[in-house]
Amino acid sequence: MRLAYLTLLVVSCGSLAAADWPQWRGPAGTGVSSEKELPIVWHESRSIVWKCPLPEWGDSTPAIAGDAIFVTSHTAENKLLLLKIDKKTGKVAWTQEVGAGEAVRQTPEKRSVQKFHQLQNLASPSPVTDGKTVVVHFGNGDLAAYDFDGHQYWKKNLQDEYGSYSIWWGHANSPVIVGDTVISVCMQDSLADLRDAPVESYLVAHDLRTGTLRWKSLRMTAAKAEECDAYTTPLVCDIGGKTQLVVMGGNQLDAYDPTTGKQLWFLPGLVGGRTVTGPTIAGGTIFATRGMRKPLVAVRPGEPDKKGELPYRSIAWTYEEGTPDTCSPVVWNELLFVVADDGIARCIDAASGNLKWKERLKGKYKASPIAAEGRVYFLNTEGLCTIVSAAPRFDKLVENQLDDETIASPATSDGRIYIRGKKALYCLGR
């Protein structure tokens, strides 16, 4: 079976252009860019088109549409900000204070109340845009929509409406837009062993322009305690000619109809632990990592049984060695590229699951790699980006260093690369 490297983009794009990067992991949510003439060599005195200082700080990826770039930040004063940056000049066009909140690092209880990992704060979810409206979500539950002039359409707080978050390390799932609907996901500790009524994990959809509730679907799996937690973003894709919302977490992979919230199929028993690494898709195969560095699986959804459960034979192959805890995989042509948090990068044949190469890269990794023009860009936490050929033999092209901490994944648009650091947003171009 031959695998295409580009998945079909089924998100309604409004006024989006091909050069836009409208959401977490790009146009199709897969980390694959169709951009040409992207920069290959850069450092603090070369190839920086502009550098925009940001109010510290956040881990969210920029969302790009037309000449607008949107980023979120959580300031030292606990303000939750949405910034619009002019793509041509790198100047901040406007800043909106969406809300306020504290990233609590310690709690009296080990469970029941969310606390935040030191590497993230309330500005971890990435914005999403359809080219006319931008939606932001923060770890305190604030969900809000704005037009491109900074006027707020609506605002809700998911904790106020559906209960306090019980996720262990801070809510970080990014929303997605499908047509005129924005969809959010919350996967958290059910606390089923501590209380009579378990805490709900759910998907919820709102009207993009009005915020009106469209649907809400429970997502309760067999996972327990921290295994329930997932920080992944839904993947909107075409499977068998049908638009599906694919979700990974809680020891389960499943899919939903984005128009109704009805579960279409589910594959349980993917036991691992809390899940940070999001799924990707190429050629009809979904690639997902079971949580806590457990095996990577390649799933080819077929016909589910009467209950909607996929047979275990839907798993085409499993790869067990050195899988990532945080960084999502990316596919180019027939090759799957992953990097573990400790910097071990691997190239795996996407059809068979056979290892092509394994090499150590410098540093630690949290950002997910992107692929473009036959190259893979691996960005570590200290501003170093290693570029390798997207090839079955390891070919390191260059290492590029920026003077910043980098947790957020890169974005591309109009032949440029955008890297969000703790201190600034960089625009890199040839």
Side chains of [Y] and [X]: any donor to acceptor distance under 3.5 Å?
X	Y	value
W169	D229	no
S73	R420	yes
W57	E405	no
N251	E227	yes

Calculate, to the nearest 0.5 Å, the distance between atoms [atom1] and [atom2] belonging to [X] and [Y] respectively.
X	Y	atom1	atom2	result
D404	L384	CG	CG	13.0 Å
S33	Y377	OG	OH	8.0 Å
D257	Q244	CG	CD	8.5 Å

- Query: Could you give all pairs that pass the side chain to side chain donor-acceptor pair (under 3.5 Å) test and reach residues 272-283, with sequence neighbours left out?
  - Reply: R274-D325
- Parallel, tilted or perpendicular for F394 and W357, by the 30°/60° rule? perpendicular
- Message: Any salt bridge linking K358 with E321? Criterion: basic side-chain nitrogen under 4.0 Å from a carboxylate oxygen.
- Response: yes
- salt_bridge(D147, K132) N-O dist < 4.0 Å: no
- Query: Which is it for F148 and F70 under the ring-ring contact (aromatic ring centres under 6.0 Å, His included) test, yes or no, and what are the steps along the way?
  - Reply: CA-CA 10 Å; F148 277 33; F70 297 99; 4.9 Å; yes
- Query: Which residue, L296, V339, L355, L336, forms the side-chain contact (heavy atoms from CB on, under 4.5 Å) with R346?
  - Reply: L355
